[in-house]
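Comments concern the structure below.
The sequence lines fix the lettering, A, B, ..., with proteins before strands; numbering per chain opens at 1. Because only heavy atoms are used, hydrogens play no part in the values below, and waters and symmetry mates are left out as well, while side chains stay in.
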4 protein chains.
Amino acid sequence: MATKEKDNRVVLLISCPEKPGIISIVSNFLLEHHANIVHFDQHTTDPHSGRFFMRIEFDLRDFEEAYEKLEQDLYGKAAEHSMEWQLSSTKNRKKMAIFVSKMDHCLLELIWRWKSKELPVDIPFVISNHANLADEVESYGIPFYHIPLTHETKEEAEQKAFKLMEGKVDFIVLARYMQILSPNFIAKYPNQIINIHHSFLPAFVGANPYVRAFNRGVKLIGATAHYVTNDLDEGPIIQQDVLRVNHRYSAEDLKIAGRHVERTVLADAVAWHVEDRVLVHGNKTIVFE
Amino acid sequence: MATKEKDNRVVLLISCPEKPGIISIVSNFLLEHHANIVHFDQHTTDPHSGRFFMRIEFDLRDFEEAYEKLEQDLYGKAAEHSMEWQLSSTKNRKKMAIFVSKMDHCLLELIWRWKSKELPVDIPFVISNHANLADEVESYGIPFYHIPLTHETKEEAEQKAFKLMEGKVDFIVLARYMQILSPNFIAKYPNQIINIHHSFLPAFVGANPYVRAFNRGVKLIGATAHYVTNDLDEGPIIQQDVLRVNHRYSAEDLKIAGRHVERTVLADAVAWHVEDRVLVHGNKTIVFE
Amino acid sequence: MATKEKDNRVVLLISCPEKPGIISIVSNFLLEHHANIVHFDQHTTDPHSGRFFMRIEFDLRDFEEAYEKLEQDLYGKAAEHSMEWQLSSTKNRKKMAIFVSKMDHCLLELIWRWKSKELPVDIPFVISNHANLADEVESYGIPFYHIPLTHETKEEAEQKAFKLMEGKVDFIVLARYMQILSPNFIAKYPNQIINIHHSFLPAFVGANPYVRAFNRGVKLIGATAHYVTNDLDEGPIIQQDVLRVNHRYSAEDLKIAGRHVERTVLADAVAWHVEDRVLVHGNKTIVFE
Amino acid sequence: MATKEKDNRVVLLISCPEKPGIISIVSNFLLEHHANIVHFDQHTTDPHSGRFFMRIEFDLRDFEEAYEKLEQDLYGKAAEHSMEWQLSSTKNRKKMAIFVSKMDHCLLELIWRWKSKELPVDIPFVISNHANLADEVESYGIPFYHIPLTHETKEEAEQKAFKLMEGKVDFIVLARYMQILSPNFIAKYPNQIINIHHSFLPAFVGANPYVRAFNRGVKLIGATAHYVTNDLDEGPIIQQDVLRVNHRYSAEDLKIAGRHVERTVLADAVAWHVEDRVLVHGNKTIVFE
């Protein structure tokens with residue numbers, strides 16, 4: 001669900017071992033810090049011995065002062081209850097780098113949503129291993145870096161990218177970037193790299209999913225947005241959707257039709273990531289839509 | 001979402017005016033009563049001055065004793081904070097009367113879900129203004145009452161139904177019951193009568209929606225489950241869905257196709273009602289799916 | 001698309017090598033036989049050198065006489081143009097045997113659609129390797145045969161089934177029949193055995209798809225109806241659909257939810273097969289919905 | 001279904017009174033003109049006394065010469081059988097004018113599909129009653145005309161538009177153009193003006209559909225693309241789709257979410273119109289997808 005931007009809205013994500021009273025503990029803590037809770041979502045993998053996940057969206061009275069105090073006090077509270085946590089505020093817009101190859105449909109969908117203020121991020125730049133989209137990207141006032149790449153120059157190319165990104169990027173979207181990132185790269189951005197795969201994973205893992213979907217004669221084609229891990233196409237799935245097709249579709253037609261489901265699925269996943277709605281647990285996600 | 005039955009699961013529904021700390025108040029109260037929260041959902045119509053809605057699903061240690069104590073204490077807590085509330089337990093299965101006319105598709109869908117234990121209710125009986133479904137209903141061991149009805153005998157017929165229902169029925173499903181209930185009847189079961197309308201309301205309010213959908217040339221047909229109020233087809237909507245159709249469909253074909261979306265939509269709405277997932281606010285519903 | 005039954009409607013299916021004028025040839029042939037075409041669908045895999053598929057639905061004046069004459073003349077016409085063809089009439093309802101194991105949801109959906117005249121077939125009997133559904137099936141006046149089966153007695157069991165089916169069955173539906181048919185069995189009913197697989201094939205080929213879907217954290221679960229071939233779960237796909245799920249679903253919940261998409265997908269596939277809307281080409285289907 | 005452009009593909013649309021042999025007549029005629037049929041779709045409103053609709057897509061040998069001859073001969077053939085017809089070729093791209101007000105989402109979707117060659121049209125210009133989108137449109141090399149408009153100057157404004165369009169425009173898309181066209185304007189482009197209405201018509205006919213959807217508490221919101229007639233929001237529906245929403249959506253959120261279904265629905269309708277897949281019959285459409 002996409003909504004208009006809210007000022008000073010704060011989001012607290014927590015995960016911790018299940019224990020009785022955890023909601024009391026957290027809600028009391030927030031009340032003490034004068035937080036006015038707007039949305040509260042939780043999930044437990046097992047109410048007796050599982051892991052507990054929470055997303056709390058709230059407003060703060062006297063934002064500046066209160067936010068800092070809250071953050072400080074969270075360290076203690078978290079230690080006490082073995083919590084992992086993340087605090088963020090709409091005041092600090094996330095910085096999203098986009099990686100792309102030759103195809104523009106996912107890229108332009110993200111840019112359009114950013115431009116229409118539906119996606120409250122900053123886009124410091126777009127990086128591509130091809131030059132063809134430079135003009136288009138720059139026409140939106142977004143810097144475009146062409147970093148060509150061969151098997152041999154991959155490490156060097158990634159180093160260039162790192163330099164550009166240093167301190168300027170919170171997360172990365174692979175908007176049909178047709179290169180495999182190195183483990184070194186992935187390790188720097190754990191659960192912060194979103195990829196769009198052009199199939200309904202785990203069907204058609206790997207290359208050329210549309211051709212293989214055509215050959216198998218499926219009646220639905222799909223797309224999957226997931227966090228990138230070292231296991232190709234095996235990272236935690238954030239969003240999936242499908243499109244009905246029929247015998248009239250050639251492999252080429254599937255590809256063309258598939259572009260639309262790809263851009264929707266990726267845009268959903270990115271929006272949820274930006275709004276801190278996605279928590280990763282093992283190889284799965286909890287999405288508080 | 002349909003799930004297998006859980007033993008001794010308790011659901012507490014609360015609505016009250018917004019005020020800071022309401023989640024703390026409720027979660028502390030539940031903690032004191034040794035409740036282990038499994039699901040917690042909330043919604044506010046406005047975080048500053050709106051109305052606050054909560055659904056909390058939890059397990060109780062020492063169920064029998066704890067449940068009674070909790071219920072008693074809720075009166076005081078609720079008075080203190082102007083809360084409306086409802087407490088229920090899966091131990092006490094809801095009793096669902098089904099009203100039907102001649103068509104069996106919605107009726108059989110409900111019976112099938114009941115029989116497969118997907119719908120954890122008791123069905124004390126089925127009432128119909130026609131006799132044609134008696135054998136079918138009785139073959140499942142469910143009593144069937146034929147209460148014929150004309151414009152003149154409506155009041156009398158409703159009185160018969162009341163006698164049958166007295167103390168035996170928690171809520172009523174109109175599974176394609178083609179009679180309009182009297183205000184008197186509706187007043188006895190506020191937000192406890194679920195109807196399925198065979199159109200995507202508010203399109204085609206009233207009679208013969210499939211014929212009118214055909215004449216208008218729509219490309220989707222739908223169904224709407226809602227609580228019955230005195231304003232025909234205007235009660236709070238619980239669930240809606242649609243089905244794609246095309247120029248090949250006659251009005252009769254639309255009707256046949258529509259049966260499938262009707263039964264799914266009604267079954268969803270009934271399942272959510274049974275699991276206490278639906279709260280009514282004015283003429284709208286909050287559904288904690 | 002399901003429609004009410006039509007009397008004396010005839011369906012001619014043709015496949016042949018592409019050649020110019022093929023529609024002229026067939027439509028002229030039908031005109032000479034006083035056929036009044038109601039629906040005409042065609043598909044070509046390649047307009048220049050592919051294979052051509054046609055489905056023509058028509059009414060015949062003086063049905064009895066005309067149908068026989070048409071059938072006779074088709075042999076010559078087909079030989080002339082290397083056509084494979086199939087002629088059928090709604091006068092001769094198809095005979096559908098249902099194979100089932102313990103779960104009843106797909107079975108009952110088919111029976112319900114048959115009973116409501118939405119599925120214009122005869123059901124000579126149901127065969128199961130378990131006894132639990134006997135009463136239910138027989139309550140509809142449909143014979144039920146319990147043919148238990150172990151790895152050792154499989155051949156014997158299939159022989160029993162053959163005896164029952166001989167001359168009495170046009171096609172077979174595996175409505176969650178959890179046994180693998182022998183190549184010998186499959187060879188007797190080429191493209192006449194429809195199976196429902198409880199996943200979105202080719203994802204989760206094989207056993208326990210819901211558990212594997214749960215473990216992979218997919219956001220959609222699906223079902224696939226296909227013709228059975230000797231390659232397990234690899235036969236031509238007739239229909240597929242999906243259902244949105246989320247992190248709240250346990251593996252058991254996925255299974256329960258999945259039942260609904262299974263029965264819809266299977267019912268669609270069976271309806272299309274019954275109405276001669278499905279043509280097989282290699283390992284794929286052409287479905288003239 | 002969107003597909004890549006084909007060279008020299010011809011589409012013939014025919015509607016005429018039902019009569020036996022109509023498919024023979026047309027297919028023989030096309031065979032004589034050396035047409036190689038690629039797709040053949042037909043529909044009849046009643047096989048005995050209805051109206052018959054056909055769409056035939058074919059390739060021509062010796063295109064230039066053959067096309068002209070075919071067109072000439074069609075006049076005679078059509079007169080003989082009371083046919084209305086339309087012949088078009090992918091060689092002659094349709095010219096699409098876009099009218100827009102302040103919101104850009106539908107406009108940009110069309111431009112993006114045009115730019116990516118998914119929509120094989122020419123866009124001679126965009127006309128708006130506001131100036132805010134001028135730069136954006138011109139950045140794609142498309143002329144932009146700002147024609148402001150008040151109640152008093154409407155006639156004058158339409159005259160300006162007519163001058164621009166004269167001989168340069170085949171059809172018009174109202175991509176969220178928030179003005180009502182005069183009967184005079186509409187009469188000049190019968191069934192050639194496509195509008196997108198931001199509701200699931202006939203629900204919420206008229207203004208502010210998202211606010212009214214919010215107030216009614218619907219669980220799905222929709223969009224409808226239709227041909228413009230003098231009856232506001234009552235013209236023949238080409239395409240509709242819906243999006244699931246819930247109690248968390250404000251009226252503003254519905255509006256934001258609705259943009260995505262609007263652009264998809266409009267893009268589908270425009271694609272079908274461009275590929276000559278839509279035939280109008282009374283106040284309804286036949287869409288040969």
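Within the model, atoms CD1 of Ile194(C) and CD of Gln239(C) stand 11.5 Å from one another, a figure rounded to the nearest 0.5 Å.
Residue contact with chain C, scored on non-hydrogen atoms closer than 4.5 Å, involves the backbone and the side chain of Thr285(A) alike. Interface remark: Asp241(C) contributes backbone and side-chain atoms alike to the contact with chain A (heavy atom separation under 4.5 Å). Within the 4.5 angstrom heavy-atom criterion, no atom of Arg212(A) approaches chain C.
A distance-only check finds no donor-acceptor pair linking the side chain of His198(C) to the backbone of Tyr210(C) [under 3.5 Å].
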Stepwise side-chain hydrogen bond (donor to acceptor under 3.5 Å, both in side chains) check, Gln86(A) with Asp276(A): CA-CA 9 Å; Gln86(A) 177 200 308; Asp276(A) 298 302; 2.8 Å; yes

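Among the candidates His281(C), His226(C), Glu234(C), Arg216(C), the residue making the largest number of heavy-atom pairs closer than 4.5 Å to chain A is Arg216(C). Top candidate by heavy-atom pairs under 4.5 Å with chain A, chosen from Ile238(C), Leu201(C), Val205(C), is Ile238(C). Of the listed residues Val287(C), Thr44(C), Val242(C), Thr45(C), the one with more heavy-atom pairs under 4.5 angstrom with chain A than any other is Val287(C). The greatest number of non-hydrogen atom pairs below 4.5 Å with chain A, out of Thr224(C), Val218(C), Asn283(C), is found for Val218(C).
For the pair Phe29(A)/Val26(A), no side-chain contact is recorded, criterion being any heavy-atom separation below 4.5 Å from C-beta on. Residues Ile237(C) and Lys284(C) form no side-chain contact, since every pair of their non-hydrogen atoms from C-beta on lies 4.5 Å or further apart. Contact annotation: the side chain of Arg55(A) approaches that of Arg277(A) to within less than 4.5 Å [non-hydrogen atoms, C-beta and beyond].
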